[in-house]
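Notes for the one structure printed next.
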Amino acid sequence: MEYELRDIDFEKISRLVHGHCGINLHVGKKELVKARLSKRLREGNIHSFADYYRYVTADGGMEELVAMIDSISTNLTSFFREENHFRKLREIVPSIIGGNGNGPKSLRLWSAGCSTGEEPYSLAIALKEITGGIPVDMGILATDISTKVLKTASEGVYLKDRVKKIPPQILKKYFQMGQNGWNGYYRVKQEIRKIVEFRRFNLMETLSSNPVFDIIFCRNVMIYFDKETQGSLVDKFYSCLKKGGYFFVGHSESLTGLEHKFQYIEPSVYRK
């Protein structure tokens, strides 16, 4: 069955999505929304986008609203994406843990918009490699609005094609190769999985007002938001970082044009 997405229904869905999670669905996204949500209509035996909108905004529609956001969200990621950021980590992490004084060494990171987990697992592996045998209390909070990608992320199991660009020595050290029915799959080892806590989180919700993170990664996420939402979000990230903490955005992103308190370090890297 072919569904018609009228302009009025697209506008209502766009406003709903923007109000709920900040994603800006401009008119160029209309065909994407139609394609991805038509499947939801078919599975729910819903006859029109107008009926679907009424369903997700009615009492009891929250579960389907979450599924709708899952369907619309774009989740493009890979292991060790944007190598310059991992080079920068190798530069800054020793000074961060060295600046903890004589007390226990700790490191707290946030991967915001973590998708299927490749980013936070890459960060955990990088931290392990950087710190070597130094005892460091590491923790990575990995959040996403999509329950679907978080399920994949928490399992930590990936097809061979997803890990093929990882250096062989790193793959052998931090991944288990699947056997028998799991042939062709790789699983992130427990020592890495235990560093990462996955949690569903809507970036439009209230963030911690306490500066708890040393480093925040929010890469290729803000491109889906309008300028006003981006500015608000950057302020929230700033308040969550410890003094001297670092904020990473995607290589195609910049804070140019936004009012913010961050110090520019290099392209896509900022500091509090």
Side-chain angles (χ1 to χ4, degrees), residues 75 77-82 85-86 88-90 92-100 103-160 162-182 184-201 203 207-208 210-219 221 237 240-242 245-248:
N75 301 291
T77 186
S78 61
F79 283 100
F80 298 100
R81 190 180 186 188
E82 302 183 2
H85 286 163
F86 291 91
K88 192 66 181 176
L89 277 184
R90 292 192 288 271
I92 65 177
V93 165
S95 63
I96 292 175
I97 60 177
N100 287 335
K105 297 182 186 300
S106 65
L107 204 53
R108 290 291 178 269
L109 279 72
W110 181 9
S111 169
C114 67
S115 189
T116 44
E118 286 91 335
E119 177 176 277
Y121 287 137
S122 297
L123 292 173
I125 290 169
L127 295 184
K128 277 285 191 181
E129 289 291 293
I130 293 166
T131 56
I134 301 171
V136 180
D137 174 25
M138 301 178 194
I140 298 174
L141 174 64
T143 65
D144 203 281
I145 196 169
S146 170
T147 52
K148 182 179 179 181
V149 298
L150 287 172
K151 184 176 185 298
T152 299
S154 60
E155 290 169 351
V157 177
Y158 300 93
L159 276 166
K160 185 178 181 179
R162 301 286 286 275
V163 302
K164 64 183 179 182
K165 293 184 179 180
I166 299 176
Q169 69 275 17
I170 295 295
L171 189 63
K172 184 177 180 180
K173 189 173 180 180
Y174 295 109
F175 289 78
Q176 296 168 304
M177 186 186 300
Q179 304 292 331
N180 301 321
W182 289 100
Y185 288 86
Y186 288 78
R187 189 179 193 188
V188 181
K189 286 186 177 179
Q190 174 64 16
E191 67 170 304
I192 296 300
R193 295 204 314 275
K194 71 181 182 181
I195 295 172
V196 184
E197 176 196 351
F198 289 102
R199 186 190 306 171
R200 184 181 186 272
F201 184 75
L203 289 172
L207 303 176
S208 168
N210 299 320
V212 293
F213 296 104
D214 299 290
I215 300 170
I216 295 176
F217 273 67
C218 184
R219 303 189 300 176
V221 174
F237 285 134
C240 289
L241 273 172
K242 296 176 184 176
Y246 287 83
F247 178 49
F248 289 75

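In this structure, Leu241 and Tyr246 have side chains that are not in contact, with every pair of non-hydrogen atoms separated by 4.5 Å or more. Residues Lys148 and Thr116 have side chains not in contact (no heavy-atom distance under 4.5 Å, counting atoms from C-beta outward). By the 4.5 Å heavy-atom criterion applied to side chains, Trp182 and Val157 are counted as neighbours. Between Leu123 and Ile215, every side-chain heavy-atom pair lies at or beyond the 4.5 Å cut-off. The side-chain heavy atoms of Cys114 and Thr77, taken from C-beta on, include no pair separated by under 4.5 Å. In this structure, the side chains of Phe80 and Ile125 come closer than 4.5 Å at one or more pairs of heavy atoms. Taking the side chain as every heavy atom from C-beta outward, Leu150 and Arg200 approach each other to under 4.5 Å.
Note that the CG atom of Leu107 and the CE atom of Met138 stand 6.5 Å from one another [nearest 0.5 Å]. Remark: Trp110 CH2 to Phe201 CZ distance equals 5.0 Å, nearest 0.5 Å. Taken from CD1 in Ile92 to CG in Asp214, the straight-line distance is 9.0 Å, to the nearest 0.5 Å. Distance check: Arg162 CZ to Phe79 CZ gives 7.5 Å after rounding to the nearest 0.5 Å. Residue Lys189 holds its NZ atom at 9.0 Å from NZ of Lys172, rounded to the nearest 0.5 Å. With rounding to the nearest 0.5 angstrom, the CG atom of Leu141 is 5.5 Å from the CD atom of Glu197.
Around atom NZ of Lys88, more than 12 heavy atoms belonging to other residues, nucleotides or ligands sit under 6.0 Å away. Crowding of Tyr185 atom OH: a count of heavy atoms from other residues, nucleotides or ligands under 6.0 Å not exceeding 12.
Side chain of Arg187 to backbone of Glu155: a donor-acceptor contact under 3.5 angstrom is found. For the pair Ser111 (side chain) and Ala142 (backbone), a donor-acceptor distance under 3.5 Å is absent. Judged by distance alone, with hydrogens and angles left aside, the side-chain atoms of Arg81 form no donor-acceptor pair with the main-chain N or O of Arg219 at under 3.5 Å.
If you look at Tyr158 and Phe175, their ring centroids are not closer than 6.0 Å.
When every heavy atom of Phe86 is checked against every heavy atom of Ala126, the shortest pair comes out as CD2-CB, 3.9 Å. Of all heavy-atom pairs spanning Pro120 and Phe198, the tightest one is CG-CE2, 3.8 Å. Between Ile140 and Ala124, the shortest heavy-atom distance links the atoms CD1-N, 3.5 Å. Heavy atoms only, all atoms of each residue included: Gly113 and Val221 are closest at CA-CG2, 4.0 Å.
The aromatic rings of Phe248 and Phe217 lie parallel to each other, their planes meeting at an angle below 30°, with 60° marking the opposite boundary.
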Give the table of side-chain donor-acceptor pairs shorter than 3.5 Å for residues 128-136, with sequence neighbours excluded, one pair per line with atom names and distance.
unit_1 : atom_1 : unit_2 : atom_2 : d
Glu129 : OE2    : Lys173 : NZ     : 2.8
Glu129 : OE2    : Tyr174 : OH     : 2.5
Thr131 : OG1    : Leu127 : O      : 2.7

